[in-house]
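One structure is given here, and the rest of the page talks about it.
For this chain, numbers begin at 1 and follow the sequence in order. Keep in mind that this is a model prediction, so the values were computed, not measured.
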Amino acid sequence: MLYTSTRDKTVHVTSAQAIARGISADGGLFVPEEIPQISASLLQELSGLDYISRAKRILALYLTDFTAEEIDRCVRGAYAPGKFSSEKVSPLHTIADGAHVLELWRGPTCAFKDMALQLLPYLLTTAAKKTVADKTIVILVATSGDTGKAALAGFCDVPGTKIMVFYPNDGVSPMQKLQMTTQEGGNVCVCAINGNFDDAQNGVKAIFTDPAVAEKLAQHGMMFSSANSINWGRLVPQIVYYVSAYCDLIAEGTIKNGDAVNIVVPTGNFGNILAAYYAKEMGVPVKTLLCASNANNVLTEFLETGVYDRNRPFFTTTSPSMDILISSNLERLLFHLAGEDDARVRGWMTQLRQTGRYVVEDDIKEKLLAQFAAGCCDDEETKATIAETYRAGYLCDTHTAVAVHVYEDYLAATGDRTPTVIASTANPYKFSKAVLSAVLGKEPDGADEFAQVDQLIAATGEPCPPQLATLKEKKPRFTDCCSREDMAKKVYQMLGIDA
Ligand SMILES: *Cc1c(COP(=O)(O)O)cnc(C)c1O
């Protein structure tokens, strides 16, 4: 099976090339040329298997240029026993009649990005061996918090890779900062920069695209690659857990094979919900994909009206990982809905770049309305949902609460009682302050983030994941802070190359 670009259909690459390159040279995203199918009998068979076995079968349909041994090694490494706090990897938890929360945060950093970033390093190093021989892969990440830690944890001590993360010194929470600065491993490096997230991101982009830097790396047998969410290697692991959730519902006797389900996803960059779309297109019986947004509701408007308009105020919310106005992965959906018409996609993306806005025509709008529903909620509603869900027996984080709220609104508006999978994307202790204030019904006293963790434990009795609870006792390894101008120098230093 081959992959093409959303902006140039004459591109044909293998999955290894798509993963090693990250993004197509024309600026488009790699997409599978056809979506592999799962039959009802395969779903039945998979429902009798464990997560690792299911993952191997599903990945093999997409990574046809990987050998069975390679896929086996990748999947076993990523989801090895003990790495995730549930032997099911991503277990389901029923919170109400017909509403099943899919816990995607059982991994090392307690956020859903682990599901993909634990597997990506294996896929990337295997892909690099096939395409660029024995080069050392150098991953550069600019992060506003969660992605940096998940990437560090994924690439930690993976042979043939080095990873360097830049974060804005005053732009991440104390918990996120400590998660990164205490990272172990011989191939990792973390550095603060004096500036905001945009400075970090622009600095990384400048280094990435500087031919002089690339040349210097090549002389030392190294090359840059990307752990960014537009890499196909980050999307394909996410398809697995939606198929697996459907299989678990069959295995538990909650549904019969063939019954329809709805899926609700708290959405930012549109990656996680796009993975659910691929699962649906593969043949998992999904009726409606419900896209949940916070106050940054650019996607709610788009899915309801066909107008994508990023010219709007940007809100900083209690669900920060969804504070996004350009959802990059939407481009992949548009390509598929437009019947693989790359010229139309190029047109929309040019308009977006030039005016911050585009409008899709009625044919696309009809397809969106037939498969998607959308909703949004603000911070007050998020907080109220955390409190209400907690009283009903389940403590969830702010991002998950947005999804739960949008699901409840949808249920009230439609009466659609189809069994529903709600993606839960972070452990509540990752966002202790907001969760605590929701549970207490008032702002916590001026305590720091770690005192709030203790208060949340005291208030709810919910266990805090040990990797978060023990953070405050750890000594930071990485205390450097540099200016934006010195970032390239830092990269050379880390790689042991003379500038
Ligand atoms: C990244 C993230 C999201 C958004 O996922 P997308 O794939 O960007 O839509 C939601 N919740 C949490 C906790 C995240 O870290």
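Under the 3.5 Å distance criterion, the side-chain polar atoms of D309 are left unmatched by any main-chain donor or acceptor of R357. At least one donor-acceptor pair under 3.5 Å links the side chain of R54 to the backbone N or O of L49. Under the 3.5 Å distance criterion, the side-chain polar atoms of Q452 are left unmatched by any main-chain donor or acceptor of S432. Between the side chain of K367 and the backbone N or O of L337, at least one donor-acceptor pair lies under 3.5 Å. With hydrogens and angles ignored, the 3.5 Å screen pairs no side-chain donor or acceptor of S47 with any backbone N or O of D248. In this structure a side-chain-to-backbone donor-acceptor pair under 3.5 Å is missing from N297 to C377. With hydrogens and angles disregarded, no donor-acceptor distance shorter than 3.5 Å links the side chain of R312 to the backbone of N296. Remark: the backbone N or O of W105 is not paired with any side-chain donor or acceptor of N427 at under 3.5 angstrom. Of the possible polar contacts, one joining the T389 side chain to the T385 backbone as a donor-acceptor pair under 3.5 Å is found. Between the R310 side chain and the V298 main chain, no donor and acceptor come within less than 3.5 Å of each other.
Between N187 and D157 there is a side-chain heavy-atom pair separated by less than 4.5 Å. With contacts defined as side-chain heavy-atom distances shorter than 4.5 Å, the pair L325/F314 qualifies. A 4.5 Å side-chain heavy-atom check between T126 and R73 finds at least one atom pair inside the cut-off. Contact check for V204 versus V141: no side-chain heavy atoms found under the 4.5 Å cut-off. Under the 4.5 Å side-chain criterion, counting only non-hydrogen atoms from C-beta, M1 is not in contact with L61. With a 4.5 Å cut-off on side-chain heavy atoms, N169 and K177 count as touching. Counting only heavy atoms from C-beta outward, the side chains of V165 and F478 never approach each other to under 4.5 Å. Side-chain atoms of I273 and F372, non-hydrogen and from C-beta on, do get closer than 4.5 Å to each other.
Across A374 and L290, no two heavy atoms sit closer than the pair N-CD1, 3.7 Å. Here the closest heavy-atom approach between residue Q118 and residue P108 is recorded as NE2-CG, 3.3 Å. Residues L152 and I163 approach most closely at N-CD1, 3.9 Å, considering heavy atoms. For the pair G148 and T143, the tightest heavy-atom approach, listed with the atom from each and the gap, is N-OG1, 2.9 Å. Between Q238 and A275, the closest heavy-atom pair is CB-CB, 3.5 Å. Annotation for P285 and Y246: closest pair CG-OH, 3.3 Å, computed over non-hydrogen atoms.
No side-chain N or O of N231 forms a donor-acceptor pair with one of S226 less than 3.5 Å apart. Using modelled atom types and a 3.5 Å distance limit, the side chains of Q176 and K149 yield no donor-acceptor pair. Defined by atom type and a distance below 3.5 Å, a donor-acceptor pair is present between the side-chain atoms of Y242 and N272. Inspection of the T6 and E331 side chains reveals an N or O donor paired with an N or O acceptor under 3.5 Å.
Within the structure, side chain to side chain donor-acceptor pair (under 3.5 Å) contacts touching residues 91-103 (residues at least two apart or in different chains) are T94-H100, E103-R106, E103-Y394.
Other residues, nucleotides and ligands place more than 12 heavy atoms under 6.0 Å from the CD atom of E252. Within 6.0 Å of atom CD in E388, more than 12 heavy atoms from other residues, nucleotides or ligands are found, so the atom counts as buried in its surroundings. Within a 6.0 Å sphere centred on CD of E473, heavy atoms belonging to other residues, nucleotides or ligands number more than 12. Heavy atoms from other residues, nucleotides or ligands lying under 6.0 Å from NZ of K433 number 12 at most.
Atom OG of S229 and atom CD1 of I324 lie 7.5 Å apart (nearest 0.5 Å). Taking CZ of F450 as the reference point, atom CE of M175 lies at 5.5 Å (rounded to 0.5 Å). A distance of 9.5 Å separates NZ in K474 from CG in L178, rounded to the nearest 0.5 Å. Here SG of C376 is found 11.0 Å from CG of L303. Values are rounded to the nearest 0.5 Å. Between F270 atom CZ and N329 atom CG the span is 8.5 Å, to the nearest 0.5 Å. Atoms CD and SG, from Q371 and C291 in turn, are 13.5 Å apart once rounded to the nearest 0.5 Å.
W232 and Y62 have tilted rings, their planes meeting at an angle from 30° to 60° on a 0 to 90° scale.
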- Item | side-chain contact (heavy atoms from CB on, under 4.5 Å) assessment of V286 paired with V421 | CA-CA 10 Å; V286 178; V421 172; over 6 Å; no

- Task: Begin with the C-alpha distance, continue with both residues' side-chain angles, and end with the deciding distance and a verdict on salt bridge (charged side-chain N to carboxylate O under 4.0 Å, His left out) for D448 and K472.
- Result: CA-CA 11 Å; D448 74 20; K472 64 170 184 277; over 6 Å; no

- Item | side-chain contact (heavy atoms from CB on, under 4.5 Å) between V236 and Y278, worked out | CA-CA 9 Å; V236 71; Y278 279 115; over 6 Å; no

- What do the steps show when you test R57 against L46 for side-chain contact (heavy atoms from CB on, under 4.5 Å), and what is the final call? CA-CA 8 Å; R57 295 289 290 276; L46 293 180; 3.8 Å; yes

- Query: So I23 and L29, side-chain contact (heavy atoms from CB on, under 4.5 Å) or not? Walk me through it.
  - Reply: CA-CA 6 Å; I23 187 163; L29 308 186; 4.3 Å; yes

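Remark: T460 engages no residue in a side chain to side chain donor-acceptor pair (under 3.5 Å) (not counting sequence neighbours). With sequence neighbours left out, Y51 forms a ring pair (Phe, Tyr, Trp, His ring centres under 6.0 Å) with Y79.
For the side chain to side chain donor-acceptor pair (under 3.5 Å) with K287, the qualifying choice from T420, D259, D416, N262 is D416, the only one to do so. Results of the side chain to side chain donor-acceptor pair (under 3.5 Å) test with N294 over D323, T382, D378 single out D323 as the only residue that passes.
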